[in-house]
Amino acid sequence: MNNNIGELGQIIPLHYHFDMLGDKFRTVGFRTAIDLTVPMGGTVLELGGGTGVLSYFAAQRAAKVYSVDINPELVEKARQLLSINTNGDRVEVIYGDAFEYIPPEPVDVVVCEMLHVGLLCEKQLGVIDHFKKNYSEHFPGQPLPIFVPAATVQAVQPVMQNFEYEGYHAPIVLFQNPYSAAQPRTKELGNPVIYHTLQYDLPYDLSCSWSGTLPITADGTFNAVRILTKNILAIDPKTQEAVEWYNQYLIVPLESEMPVKSGQTVKISFNYKAGDPLGTLDPIIG
């Protein structure tokens, strides 16, 4: 087992996991996606099981769910919570490293929610990439399972951000609720531009680097970018509609600000890999 557990992006305070239970957009989105993808009587693996809520959703349809987490406190709490929930006995909670764990049998669906805006900090891409390689070696000729989420799309947007706090100027990284229309301290200077897409069942690398131009559609002072990360959890086979869930938006201040006018474009680039620390996303203008 990887002893440097801090690098896995899985060891975060328990209260954060408990707060996620109250995130209705997350829980409803994953429950809907799991209902669409898990076959009745099927087998499911969850990588990074946390409190066990997603494994619980899977257990309402699956005959067997393997739920893996490297945090011993969460493993104990998930076992406790699942024991008092319907069909929780169908979930086997395993203390283990998601990078290394291979289930004892082929699975129909893999659920993995190690997601952070920008695909930073947490190890979603690395864990799934390792799993696919290990699974194919362990079960040769066996097709890959369905992945939940199925895909991720990322975009960058030019904004003018108010970094003043009672006269104190603090241009720092900020997070925003993606489901709240009210962002009074943020002025959008242009529409989001997609810079990164991936499907988890297809080959990918860990690079999220990008170089391109941002069209400016409003006058203002360009002093920050906003990163948007949309996760396509599943596609409804009947309606072909996507079940989507957004991570928190990320506001990243620029080293220097610049006045902009509607109609111009701004060149921008950044270079980071999925799972890197938050500060690695350092936009360069020009």
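In this structure the side chain of T197 never reaches within 4.5 angstrom of the side chain of T152, judged on heavy atoms. By the 4.5 Å heavy-atom criterion applied to side chains, N162 and Y165 are not counted as neighbours. Counting heavy atoms from C-beta on, the side chains of T213 and I268 never come closer than 4.5 Å. Within the 4.5 Å cutoff, the side chain of N134 has no heavy atoms near those of the E100 side chain. In this structure the side chain of L47 reaches within 4.5 angstrom of the side chain of V110, judged on heavy atoms. Within the 4.5 Å cutoff, the side chain of Q248 has no heavy atoms near those of the L174 side chain. Taking the side chain as every heavy atom from C-beta outward, H17 and K77 never approach each other to under 4.5 Å. Using a 4.5 Å heavy-atom cutoff, the side chains of F147 and C112 are not in contact.
If you check the side chains of H116 and E122, you find no donor sitting under 3.5 Å from an acceptor. For the residue pair S269/S211, the side-chain donor-acceptor check at 3.5 Å is not satisfied. In this model, no donor atom of one side chain and acceptor atom of the other lie less than 3.5 Å apart for D219 and S262. No side-chain donor from either of T229 and N247 sits under 3.5 Å from a side-chain acceptor of the other. Counted by atom type alone, T186 and Q161 present one or more donor-acceptor pairs between their side chains at under 3.5 Å.
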Under the side chain to side chain contact (heavy atoms under 4.5 Å, CB included) criterion, do F99 and F131 qualify, and how do the steps go?
CA-CA 7 Å; F99 272 97; F131 169 81; over 6 Å; no
Would N191 and V193 count as a side chain to side chain contact (heavy atoms under 4.5 Å, CB included) here? Give the steps.
CA-CA 6 Å; N191 295 321; V193 174; over 6 Å; no
Chi angles and distances behind the side chain to side chain contact (heavy atoms under 4.5 Å, CB included) call for H196, V153
CA-CA 6 Å; H196 182 229; V153 180; over 6 Å; no
I would like to know whether W245 and F25 meet ring-ring contact (aromatic ring centres under 6.0 Å, His included); could you show each step before the answer?
CA-CA 7 Å; W245 173 59; F25 294 100; 9.9 Å; no
Full working for side chain to side chain contact (heavy atoms under 4.5 Å, CB included) between F175 and L250:
CA-CA 5 Å; F175 295 95; L250 173 65; 3.8 Å; yes
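In this structure, P104 and Y101 approach most closely via the heavy-atom pair CD-OH, 3.5 Å. The two atoms that bring P283 and F270 nearest to each other are CA-CB, 4.2 Å, heavy atoms only. In terms of heavy atoms, V75 sits closest to Y95 at CG2-CA, 3.9 Å. In terms of heavy-atom proximity, C208 sits nearest to G118 at SG-O, 4.3 Å. Between C121 and L278 the shortest heavy-atom distance is SG-N, 3.8 Å. Between G50 and A78 the shortest heavy-atom distance is O-CB, 3.5 Å.
For E76, the CD atom sits in a loose shell: 12 or fewer heavy atoms of surrounding residues, nucleotides or ligands are nearer than 6.0 Å. For I194, the CD1 atom sits in a loose shell: 12 or fewer heavy atoms of surrounding residues, nucleotides or ligands are nearer than 6.0 Å. A 6.0 Å sphere centred on CD of E241 holds no more than 12 heavy atoms belonging to other residues, nucleotides or ligands.
The distance from atom CG of D276 to atom OG of S207, rounded to the nearest 0.5 Å, is 9.5 Å. For the atom pair CD1 (I84) and CZ (R79), the distance works out to 15.5 Å, reported to the nearest 0.5 Å. Going from atom CG of L45 over to atom CD of E92 covers 11.0 Å, rounded to the nearest 0.5 Å. Here the straight-line distance linking atom CG of D97 with atom NE2 of H130 works out to 9.0 Å at 0.5 Å rounding. Once rounded to the nearest 0.5 Å, the distance linking CZ of F163 with NE2 of H169 reads 7.5 Å. Going from atom CD of Q154 over to atom CG of N231 covers 8.0 Å, rounded to the nearest 0.5 Å.
Taking the six-membered ring where the residue is Trp, Y195 and W210 present tilted rings, their angle falling between 30° and 60°. Taking the six-membered ring for Trp and thresholds of 30 and 60 degrees, Y179 and Y246 have ring planes more than 60 degrees apart, a perpendicular arrangement. By the 30° and 60° cut-offs, the orientation of the rings of Y200 relative to Y204 is perpendicular.
A side-chain donor-acceptor contact under 3.5 Å links T280 to the backbone of P277. A donor-acceptor pair under 3.5 Å is absent between the side-chain atoms of R61 and the main chain of G42, judged by distance alone. Between the side chain of Q124 and the backbone N or O of M114, at least one donor-acceptor pair lies under 3.5 Å. At distances below 3.5 Å, at least one donor-acceptor pair connects side-chain atoms of D23 with backbone N or O atoms of R26. A donor-acceptor contact shorter than 3.5 Å links the side chain of D108 to the backbone of T43. Side-chain atoms of Q60 do not come within 3.5 Å of backbone N or O of R31 as any donor-acceptor pair. In terms of modelled atom types and a separation under 3.5 Å, the side chain of K187 and the main chain of M160 share no donor-acceptor contact. At least one donor-acceptor pair under 3.5 Å links the side chain of S83 to the backbone N or O of Q80. A donor-acceptor pair under 3.5 Å is absent between the side-chain atoms of K132 and the main chain of V127, judged by distance alone.
Exactly one residue among I146, L233, I34 makes a side chain to side chain contact (heavy atoms under 4.5 Å, CB included) with V111. That residue is I34.
Hydrophobic cluster membership is shared by V156 and V252, with clusters built from Ile, Leu, Val, Met, Phe, Trp and Tyr side chains linked at under 4.5 angstrom. Residues Y135 and V109 share a single hydrophobic cluster, defined by chaining ILVMFWY side chains whose heavy atoms lie under 4.5 Å apart. Both I285 and I227 belong to a single network of hydrophobic side chains, linked directly or stepwise wherever heavy atoms of I, L, V, M, F, W or Y lie under 4.5 Å apart. Connection of V65 to L144 is established within a shared hydrophobic cluster, with ILVMFWY side chains joined at heavy-atom distances below 4.5 Å, either directly or through further cluster members. Cluster annotation: V28 is not connected to L54 through the hydrophobic network of ILVMFWY side chains, with a link wherever side-chain heavy atoms come within less than 4.5 Å.
E105 has no carboxylate O lying under 4.0 Å from a charged side-chain N of K64, or vice versa, which leaves the two without a salt bridge. Between R226 and E188, at least one side-chain nitrogen of the basic residue sits less than 4.0 Å from a carboxylate oxygen of the acidic one, meeting the salt-bridge criterion.
Partners of D282 according to the side chain to side chain contact (heavy atoms under 4.5 Å, CB included) rule, which considers only residues two or more places apart in sequence or in another chain, are E255.
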